[in-house]
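Working notes, structure below.
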Amino acid sequence: MRHLKISILKLSALIAFLGVFLTSCEDVIDLETQSGPPQLVVDGWITNQAGPQIIKLTWSASYFDNSPAKPVLDAEVSVKDDQGTIYKFEDVAKNGNYIWQKTGDTLGQIGRTYTLTIKQGTETYTSTTELKRVPAVDSIVYTKEKLPFEPDKGPREGYVAEFYARDFLGEGDTYWIKPVVKGKVMVDKAVNISIAYDAAFGSGAPSDGLIFILPLRQSITIDSLYSAGDQVGVELHSITNEAFEFLKQIREQANNGGLFATPIANVRSNITNTNASGSKALGFFGASAVSRLETTIIPEKARPDDD
């Protein structure tokens, strides 16, 4: 019995020592980080839809700078198609949003190639992309569901919406699937980016020419269930394989966290400085054909639950 008491005392002392030791290891270390010069950041996506086309230019900032990105105000921006037509973009509002708009005209045309040119100071940046085909959205359906828990957001009982569309025959078509809620496209979180290679997640799946798989169809239901009377829909954007990889990297960076997180790095850009030794740029220039469909959730028209 005395031996047991001694062992317990030794164990208690060891725990106390480890507690003091581990506590003493919780020192705060201030790391001095160096910030490089600002880089041009391009957010430019043109479409075949009527209306204004916008190319947004900002300056990069240091990692710990949480202030709003500073707009690039003194650039010359133009897009030229493979037939020689030049579209000039103007920053009329002086906010870094360079806009092309011409009443009754559409910039993007399926099958054409577009080259972006940005002149900023002594630097000239270029990027080229192609506007790919996009299938029509056949329908949007919804099923009533009751969650087994009380959600942080939205109703516990509501509707899961999904769309139906079929990938074109011919391997290698890639798409960006965007939810539409109350008439507005909802792309507010990088973790919710939904992209498809043919009708599945990636090139490894034999999905060419098929209907999009269930998780992709239901990716228009984000964060919470829909309620009766909600207006829901989808925009299906065609994108190049290069854009597919760019968006995939953005989503991976947004999901990067936890014990096994990898070091953060800039996502690879398709913007090139014509001067190989000049300042590099960030961001992406892409083009999309768009198909869109919307509906209003009416309980009587909900699909029966398979369960």
Side-chain angles (χ1 to χ4, degrees), residues 43 45-54 106 108 132-168 173-201 207 210-239 243-244 247-248 250-251 254-255 286-307:
D43 181 7
W45 295 84
I46 61 174
T47 72
N48 66 338
Q49 293 181 305
Q53 306 289 312
I54 302 174
T106 301
K132 299 280 194 175
R133 60 185 182 174
V134 68
V137 179
D138 297 323
S139 60
I140 296 175
V141 300
Y142 39 91
T143 306
K144 191 171 184 179
E145 182 171 320
K146 184 176 181 180
L147 301 175
F149 56 86
E150 195 66 38
D152 294 332
K153 183 179 178 181
R156 182 177 181 183
E157 190 170 349
Y159 299 86
V160 175
E162 63 181 285
F163 74 95
Y164 276 84
R166 182 180 292 275
D167 170 52
F168 287 115
D173 291 288
T174 43
Y175 312 97
W176 187 358
I177 302 162
K178 300 183 180 183
V180 177
V181 181
K182 296 180 181 179
K184 295 184 178 180
V185 175
M186 301 295 292
V187 187
D188 56 349
K189 295 180 181 179
V191 293
N192 289 334
I193 289 176
S194 178
I195 50 178
Y197 189 103
D198 290 327
F201 290 122
S207 61
L210 301 181
I211 293 174
F212 286 87
I213 62 174
L214 181 64
L216 290 173
R217 300 200 307 266
Q218 291 187 346
S219 66
I220 62 173
T221 302
I222 54 174
D223 294 336
S224 65
L225 298 175
Y226 292 111
S227 299
D230 282 349
Q231 292 177 294
V232 302
V234 62
E235 277 193 359
L236 189 59
H237 290 235
S238 62
I239 56 176
F244 176 87
L247 292 170
K248 181 180 176 181
I250 288 179
R251 188 177 61 190
N255 282 298
S288 297
V290 182
S291 61
R292 176 173 173 141
L293 188 64
E294 296 175 77
T295 191
T296 299
I297 292 182
I298 302 173
E300 294 78 13
K301 294 184 178 181
R303 271 186 161 188
D305 192 342
D306 294 337
D307 297 335

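- Pro135 and Leu236 get closest at one heavy-atom pair: CG-CD2, 3.7 Å.
- The salt bridge (charged side-chain N to carboxylate O under 4.0 Å, His left out) analysis of residues 230-239, with sequence neighbours excluded, yields the pairs Glu235-Arg292.
- Among Ile177, Val181, Val180, the single residue meeting the side-chain contact (heavy atoms from CB on, under 4.5 Å) criterion with Ile220 is Ile177.
- Taking each heavy atom of Gly154 and Ser224 in turn, the nearest pair found is CA-CB, 3.8 Å.
- Judged purely by atom type and a 3.5 angstrom limit, Asp198 uses its side chain to pair as donor or acceptor with the backbone of Asp173.
- Between the NZ atom of Lys144 and the CD1 atom of Ile297 there is a distance of 11.5 Å, given to the nearest 0.5 Å.
- With values rounded to the nearest 0.5 angstrom, Glu145 atom CD is found 13.5 Å from Tyr226 atom OH.
- Within the model, atoms CD of Glu157 and OG of Ser227 stand 10.0 Å from one another, a figure rounded to the nearest 0.5 Å.
- Residues Ala228 and Pro299 share a closest heavy-atom pair of CB-CG, 3.6 Å.
- Of all heavy-atom pairs between Arg156 and Leu225, the closest is O-CD1, 3.6 Å.
- Of the options Trp45, Phe244, Tyr197, a ring-ring contact (aromatic ring centres under 6.0 Å, His included) to Trp176 is made by Trp45 and by none of the others.
- Between the side chain of Arg217 and the backbone N or O of Phe212 there is at least one donor-acceptor pair closer than 3.5 Å.
- Applying the side chain to side chain contact (heavy atoms under 4.5 Å, CB included) rule to Phe201 yields the partners Ile213, Pro215, Leu216; only residues at least two apart in sequence or on another chain are considered.
- With sequence neighbours excluded, the residues forming a side chain to side chain contact (heavy atoms under 4.5 Å, CB included) with Ala289 are Asn48, Ile110, Leu131, Val134, Ser238, listed by chain and number.
- Using a 4.5 Å cut-off on side-chain heavy atoms (C-beta onward), Lys189 and Asp223 make contact.
- Side-chain contact check for Tyr159 versus Thr221: every heavy-atom pair is 4.5 Å or farther apart.
- Of the inter-residue distances, the one linking Phe163 atom CZ with Ser219 atom OG reads 5.5 Å to the nearest 0.5 angstrom.
- We find that Arg166 and Asp138 are not joined by a salt bridge, their nearest charged nitrogen and carboxylate oxygen being 4.0 Å or further apart.
- The distance from the NE2 atom of His237 to the NZ atom of Lys178 is 4.0 Å, given to the nearest 0.5 Å.
- Using modelled atom types, no side-chain atom of Ser291 and backbone atom of Ala136 make a donor-acceptor pair closer than 3.5 Å.
- When each of Thr295, Val160, Val232 is paired with Tyr142, the side-chain contact (heavy atoms from CB on, under 4.5 Å) condition holds for Thr295 and for no other.
- Between the side chain of Ser139 and the backbone N or O of Tyr164 there is no donor-acceptor pair closer than 3.5 Å.
- Here the closest non-hydrogen pair linking Val137 and Ala165 is CA-CB, 4.2 Å.
- Atom CG of Asp152 has 12 or fewer heavy atoms from other residues, nucleotides or ligands within 6.0 Å.
- One finds the CG atom of Asn192 at 9.0 Å from the CG atom of Asn255 (value rounded to the nearest 0.5 Å).
- Scanning both residues, Ala190 and Ala254, for their nearest heavy atoms gives CB-CB, 3.6 Å.
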